[in-house]
Undergrad: 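Okay, here's the structure, questions in a sec.
The figures that follow rest on heavy atoms only: side chains count, while hydrogens, waters and symmetry mates do not. Remember, it's 1-based here, ligands and their atoms both numbered in the order they're listed. All values derive from a computational prediction rather than experimental measurement.
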Amino acid sequence: MKQIQSVTLRSGVTIGMGHPCFVVAEIGNNHQGEFNIAKQMIDEAAAAGVQGVKFQKRDSEALLTRQGRAAPYTGPNSFGPTYGEHRAALELSIDEMARLKEYSESMGLVFFASAWDDPSLAQILDLDVELLKISSAELVNVPLVRKYAKADIPVILSTGMSGLDDIDVAMAEIRAYHDDVILLHCNSTYPCPEEHIGLPVMEALRERYAVPVGYSGHEKGIGPSVAAAALGACVVERHFTLDKTLKGTDHQASLEPAQLAAMVTMIREVEKAVQVKGKVVFPDEQAAAKKLRKCIVFSRDLPAGHVLTEADLTTRCPRVGVSPVHWDEVLGAALNRSVKHEEPVQWDTLSLNQPVCAGAASS
Ligand SMILES: C=C(OP(=O)(O)O)C(=O)O
């Protein structure tokens, strides 16, 4: 299978191995169907430091059966008396989406959307987007996934509610047309308990499909999403809201602006923290070692020619002499000259039985 390390979008943004984690504010339908709220959410997401803003698009008629549309939908989170009317009330028009795309891009953000049915996909494609998203819900919808694939635009595929067999099918559909695909590990429980997140699954997906892998999080906090970035997630997508107490089922499992900003800051911190892979001692640590580490000192006045024993030596800060890592090499050495109590041991004061190993002066 062809190994895909990264995917580059038309705007030049590259998502994948060796590139900053692409953080996405999933605005979804948390704009409540209101253009001005959506625009404000883009402002807040940009201020929080994300790279992408994501919307959802549905067409009630193509999404639901007549019966499904007519089903009563009452309760505190309802935006209409039937489920069809409720869903329709939460939609933005495609013209509004076009304006939001232009607005997002003017701020340097990647605008993209998940389309949940054929007409919505056609409308999103008419917007000339540079990136598409297939929601976890639609991963098993072979005819829709095939249409996404035929569009030949980079696509993010989310894998909540799916086992590997379902993902195999969707990946084969997409890869029949192109390889610009990014997988997101996801558990579609809203909110998802931490013990069901399974971040190590990202590595399993990476190995099995040889594409960049990210994380679509539905947990309440931000710790697991930050950890996902530390484990190499190339995308972290989180549902976003202006206020968790707003009407609607999604808001409680979404991040408010301050949380989103904190998450972005932490992701950038951990990205730096995992850059160095080998155990190296940095110059600043050398300075710290000088102050914090001890050296060997003489524990009493001693004459020239004396052969050193444990009783002649001890260790003290700061490290202005031979490091105690060489304790056994110093034992048994003879003194070239007389020394004083608490004087740091220096190599040139000693006649050694055998030469000191390389790097002796650095510990
Ligand atoms: C619900 C969606 O995403 P996910 O499956 O990643 O939660 C979506 O993108 O519409």
Side-chain angles (χ1 to χ4, degrees), residues 15 21-31 33 38 41 45 50-60 62-64 87 90-92 97 100-101 104 110-121 123-125 127 129 131-141 144-145 147-148 151 153-163 166-167 170-171 174 181-193 196-199 201-202 205 211-220 224-225 228-229 233-241 248-255 260 263:
I15 303 171
C21 178
F22 183 76
V23 184
V24 178
E26 159 65 311
I27 291 173
N29 291 87
N30 282 349
H31 46 64
M41 291 179 82
V50 304
Q51 288 65 60
V53 283
K54 192 201 149 280
F55 287 79
Q56 297 181 10
K57 189 88 189 96
R58 291 178 184 78
D59 177 315
S60 298
L63 184 80
L64 300 161
R87 284 254 58 107
L90 288 172
E91 285 302 312
L92 295 168
M97 284 230 173
L100 293 171
K101 173 176 179 279
S104 306
V110 174
F111 172 100
F112 68 114
S114 54
W116 287 58
D117 48 69
D118 290 1
S120 297
L121 178 60
Q123 287 190 311
I124 293 297
L125 289 174
L127 293 183
V129 288
L131 178 65
L132 292 167
K133 162 100 186 275
I134 302 174
S135 69
S136 300
E138 299 303 329
L139 177 143
V140 288
N141 187 347
L144 183 62
V145 170
K147 288 189 177 98
Y148 266 93
I153 291 171
V155 63
I156 293 179
L157 173 65
S158 201
T159 60
M161 302 175 275
S162 295
D166 285 340
I167 304 171
M171 283 299 280
I174 296 168
V181 53
I182 295 157
L183 273 177
L184 300 190
H185 171 52
C186 177
N187 177 325
S188 302
T189 313
Y190 295 77
C192 183
H196 292 175
I197 292 175
L199 289 179
V201 175
M202 289 193 303
L205 295 177
V211 296
V213 172
Y215 175 61
S216 172
H218 295 161
E219 69 276 10
K220 278 188 173 159
S225 296
C234 64
V235 173
V236 168
E237 180 183 304
R238 291 301 307 268
H239 287 234
F240 182 51
T241 179
T249 51
D250 201 78
H251 296 282
Q252 298 103 59
S254 300
L255 301 182
L260 186 65
M263 185 186 83

Undergrad: What atoms of ligand 1 come within less than 4.0 Å of a heavy atom belonging to His218?
TA: 7 (O)
Undergrad: Using modelled atom types only, decide if a donor and an acceptor are shared between the side chain of Arg87 and the backbone of Asp59 within a distance under 3.5 Å.
TA: no
Undergrad: Strictly distance-based, threshold 3.5 Å: is any side-chain N or O of Lys220 a donor or acceptor partner for the main-chain N or O of Gln252?
TA: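 No; zero donor-acceptor contacts below 3.5 Å.
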Undergrad: Considering only the protein, which heavy-atom contact is closest to atom 2 (C) of ligand 1, and what is its distance?
TA: Ser135 CB, 3.6 Å
Undergrad: Distance under 4.0 Å to a non-hydrogen atom of Glu26: what atoms of ligand 1 satisfy this?
TA: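 Near Glu26, the atoms of ligand 1 are 2 (C), 8 (C), 9 (O), 10 (O).
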Undergrad: For ligand 1, which part of Ser216 has a heavy atom less than 4.0 Å away: the side chain, the backbone, both, or neither?
TA: side chain
Undergrad: Under 4.0 Å from any heavy atom of Trp116, which atoms of ligand 1 are there?
TA: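 Near Trp116, meaning under 4.0 Å from one of its heavy atoms, ligand 1 has 1 (C), 10 (O).
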Undergrad: Just jot down the ligand 1 atoms closer than 4.0 angstrom to any heavy atom of Ser114, in number order.
TA: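 Checking each atom against Ser114, I get 8 (C), 9 (O), 10 (O).
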Undergrad: Ignoring hydrogens and angles, state whether a donor on the side chain of Asn187 or His196 is under 3.5 Å from an acceptor on the partner side chain.
TA: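 Side chains of Asn187 and His196: no pair found under 3.5 Å.
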Undergrad: For atom 9 (O) of ligand 1, which protein heavy atom lies nearest, and how many Å away is it?
TA: Lys133 NZ, 2.7 Å
Undergrad: Please indicate whether any nitrogen or oxygen in Gln56 is less than 3.5 Å from any nitrogen or oxygen in ligand 1.
TA: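 Checking ligand 1 against Gln56, an N or O pair does fall under 3.5 Å apart.
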Undergrad: Can you name the nearest heavy-atom pair linking Thr159 to Ser136, along with the distance?
TA: N-OG, 3.6 Å
Undergrad: How far is atom 6 (O) of ligand 1 from its nearest protein heavy atom, and which residue and atom name does that atom have?
TA: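 Atom 6 (O) of ligand 1 sits closest to the protein heavy atom Ser158 OG, 2.6 Å.
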Undergrad: Has Asn29 got a side-chain atom pairing as donor or acceptor with Leu90's backbone, closer than 3.5 angstrom?
TA: yes
Undergrad: In the protein, which heavy atom is nearest to atom 5 (O) of ligand 1, and how far is it?
TA: Ser136 OG, 2.6 Å
Undergrad: Test of understanding: given a 4.0 Å heavy-atom threshold, classify the contact between Tyr190 and ligand 1 as side chain, backbone, both, or neither.
TA: side chain
Undergrad: Mind checking whether Asp250 and Tyr190 have side chains closer than 4.5 Å, heavy atoms only?
TA: yes
Undergrad: Does any N or O in the side chain of His185 come within less than 3.5 Å of the main-chain N or O of Ile197, such that one atom is a donor and the other an acceptor?
TA: yes
Undergrad: Is Glu138 close enough to touch ligand 1? Criterion: a residue heavy atom under 4.0 Å from a ligand atom.
TA: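 Contact check Glu138 vs ligand 1: negative.
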Undergrad: Okay, side chain of Glu91, backbone of Arg58: is any donor-acceptor separation there less than 3.5 Å?
TA: yes
